[in-house]
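Here's the structure we're looking at; comments come further down.
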Amino acid sequence: MIEVRSLSYAAGATPILHEVALDLAPRGITALIGPNGAGKSSLLHCIAGLARPGAGTVRIDGLDPFAVPDRRRARQVALLQQSPTVASRLRVAELVGFGRWPHHAGRPGPEDARVVAEALTAFELDALAERPLDTLSGGQRQRAMVAMAYAQATPWLLLDEPLNALDPRHARDLMARLHDLSRPGPEGRAVVVVLHDINAAALWADRVVAMKDGRVIAAAGAAEVLRAEILEEVFDTRFEIVPHRGRQLVVTL
């Protein structure tokens with residue numbers, strides 16, 4: 001379990017997060033939703049140990065991410081940021097292989113090769129494995145980035161807006177893959193994902209955390225949070241929840 005207690009964070013003199021208290025359960029998908037500037041990305045960075053909060057604590061399965069070496073933390077939690085900077089001439093397989101660094105520290109072995117091959121297949125990148133990143137579309141590059149985080153093979157996978165640049169088919173396929181790998185079982189992982197597509201959260205998330213102005217407004221099962229009155233408070237606009245083929249669609253009015 002990830003436990004966040006009384007967490008506050010500021011960027012310079014600008015307060016971003018205010019007294020955030022949150023429990024994130026192992027397994028399943030937790031979606032973070034909220035308007036721009038709500039603090040979703042900053043919360044992920046604090047959880048991953050990349051941004052030190054001014055107050056409060058984070059524990060990842062009991063681990064303090066700020067009190068352990070980087071490699072130890074990177075074997076517990078993987079974070080895909082919104083716009084990671086990578087060398088454009090890297091091949092896709094090389095990029096995905098970077099996810100194995102916390103495990104082999106520069107000396108990859110057969111197990112690392114196996115995991116990279118599995119990640120390439122899981123995210124439909126086999127045909128692109130030898131392509132340089134600068135020859136890919138934005139959506140292809142985004143899938144390669146997610147595959148790199150997947151190859152890190154951590155119990156916790158934190159993804160900041162992974163659907164950016166993906167067409168509808170690949171966005172659906174990515175969420176379906178994340179859903180499958182987050183189910184209970186020996187290979188199951190916990191996925192925490194920032195989404196701007198509320199219907200993707202409604203369709204795939206087990207739990208939803210709604211944020212606004214650096215605070216958690218609601219955190220519970222998806223059906224409990226994705227209600228018109230909560231969404232209207234969070235986004236300052238009107239919503240209607242429409243049943244469709246046994247599912248709930250979120251419509252702005």
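Keep in mind that the numbers below use all heavy atoms, side chains included, and drop hydrogens, waters and symmetry copies.
- The main-chain N or O of Gly39 is never found under 3.5 Å from a side-chain atom of Ser42 such that the two would form a donor-acceptor pair.
- No donor-acceptor pair closer than 3.5 Å links the side chain of Arg207 to the backbone N or O of Ala219.
- For the pair Val115/Asp112, no side-chain contact is recorded, criterion being any heavy-atom separation below 4.5 Å from C-beta on.
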Problem set entry | Check against salt bridge (Lys or Arg N to Asp or Glu O under 4.0 Å), Asp236 and Lys212 | CA-CA 10 Å; Asp236 295 319; Lys212 181 179 182 181; 3.0 Å; yes
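- Under the 4.0 Å criterion applied to side-chain N and carboxylate O atoms, Asp180 and Arg177 are not assigned as salt-bridge partners.
- There is a path of hydrophobic side-chain contacts, each under 4.5 Å, that joins Leu22 to Val77.
- Distance check, rounded to the nearest 0.5 Å: CD1 of Ile2 to CD of Gln76 gives 8.5 Å.
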For this session: List the steps, then state whether side chain to side chain contact (heavy atoms under 4.5 Å, CB included) holds for Leu128 with Gln140.
Result: CA-CA 9 Å; Leu128 304 175; Gln140 290 169 333; 3.9 Å; yes
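- In this structure, CG on Leu158 lies 9.5 Å from CG on Leu80, to the nearest 0.5 angstrom.
- A donor-acceptor distance shorter than 3.5 angstrom exists from the side chain of Lys40 to the backbone of Pro35, with no hydrogens or angles considered.
- Hydrophobic clustering, with ILVMFWY side chains joined whenever heavy atoms are under 4.5 angstrom apart, keeps Ile33 apart from Leu159.
- The nearest pair of heavy atoms linking Ile241 to Gln248 is CG2-NE2, 3.1 Å.
- One finds the SG atom of Cys46 at 5.5 Å from the CG atom of Leu17 (value rounded to the nearest 0.5 Å).
- One hydrophobic cluster holds both Leu32 and Trp156 under the rule that ILVMFWY side chains link at heavy-atom gaps under 4.5 Å.
- Side-chain contact of His45 with Gln81: a donor-acceptor pair under 3.5 Å is present, judged by distance alone.
- No donor-acceptor distance shorter than 3.5 angstrom exists from the side chain of Arg131 to the backbone of Val92, with no hydrogens or angles considered.
- No continuous path of ILVMFWY side-chain contacts below 4.5 Å connects Val20 to Val193, so the two sit in separate hydrophobic clusters.
- In the hydrophobic clustering of ILVMFWY residues, with side-chain heavy atoms under 4.5 Å counting as a link, Leu174 and Val194 come out apart.
- Looking only at distances, no side-chain donor or acceptor of Arg59 sits under 3.5 Å from a matching main-chain atom of Glu3.
- Between Gln82 and Ser41 there is a side-chain heavy-atom pair separated by less than 4.5 Å.
- Closest approach of Ala202 and Leu226 over heavy atoms only: CA-CD1, 3.4 Å.
- With hydrogens and angles ignored, the 3.5 Å screen pairs a side-chain donor or acceptor of Arg143 with a backbone N or O of Glu124.
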For this session: Please assess Val96 against Phe123 for the test side chain to side chain contact (heavy atoms under 4.5 Å, CB included), listing each intermediate value before the final yes or no.
Result: CA-CA 11 Å; Val96 176; Phe123 294 95; over 6 Å; no
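- Heavy-atom minimum distance, Thr121 versus Asp126: OG1-OD2, 3.0 Å.
- Judged by distance alone, the side chain of Asp134 and the main-chain N or O of Arg89 form no donor-acceptor pair under 3.5 Å.
- The two residues Glu19 and Ser8 have their closest heavy-atom pair at N-OG, 3.0 Å.
- Side-chain contact annotation: Thr57 with Arg5, donor-acceptor N/O pair under 3.5 Å absent.
- In this structure, the side chains of Met1 and Pro26 come closer than 4.5 Å at one or more pairs of heavy atoms.
- Of all heavy-atom pairs spanning Ala147 and Ala119, the tightest one is O-CB, 3.8 Å.
- The line from CZ of Arg189 to CG of Leu178 is 10.0 Å long, rounded to the nearest 0.5 Å.
- The side-chain heavy atoms of Glu94 and Leu133, taken from C-beta on, include no pair separated by under 4.5 Å.
- Between the CD atom in Glu233 and the CZ atom in Arg227 there is a gap of 10.5 Å [rounded to 0.5 Å].
- Closest approach of Ala144 to Leu95, counting heavy atoms only: CB-CD2, 3.8 Å.
- From Phe66, atom CZ reaches atom CG of Leu50 across 8.0 Å, with rounding to the nearest 0.5 Å.
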For this session: Could you walk me through whether Ile47 and Leu24 pass side chain to side chain contact (heavy atoms under 4.5 Å, CB included), step by step?
Result: CA-CA 11 Å; Ile47 290 172; Leu24 300 176; 4.0 Å; yes
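- Between Glu130 and Arg91, at least one side-chain nitrogen of the basic residue sits less than 4.0 Å from a carboxylate oxygen of the acidic one, meeting the salt-bridge criterion.
- Panel note: side chain Gln142, backbone Leu166; no donor-acceptor pair is recorded below 3.5 Å.
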For this session: Check step by step if side chain to side chain contact (heavy atoms under 4.5 Å, CB included) holds for Phe235 and Ile198.
Result: CA-CA 11 Å; Phe235 290 98; Ile198 301 175; 3.7 Å; yes
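- In terms of modelled atom types and a separation under 3.5 Å, the side chain of Arg183 and the main chain of His179 share a donor-acceptor contact.
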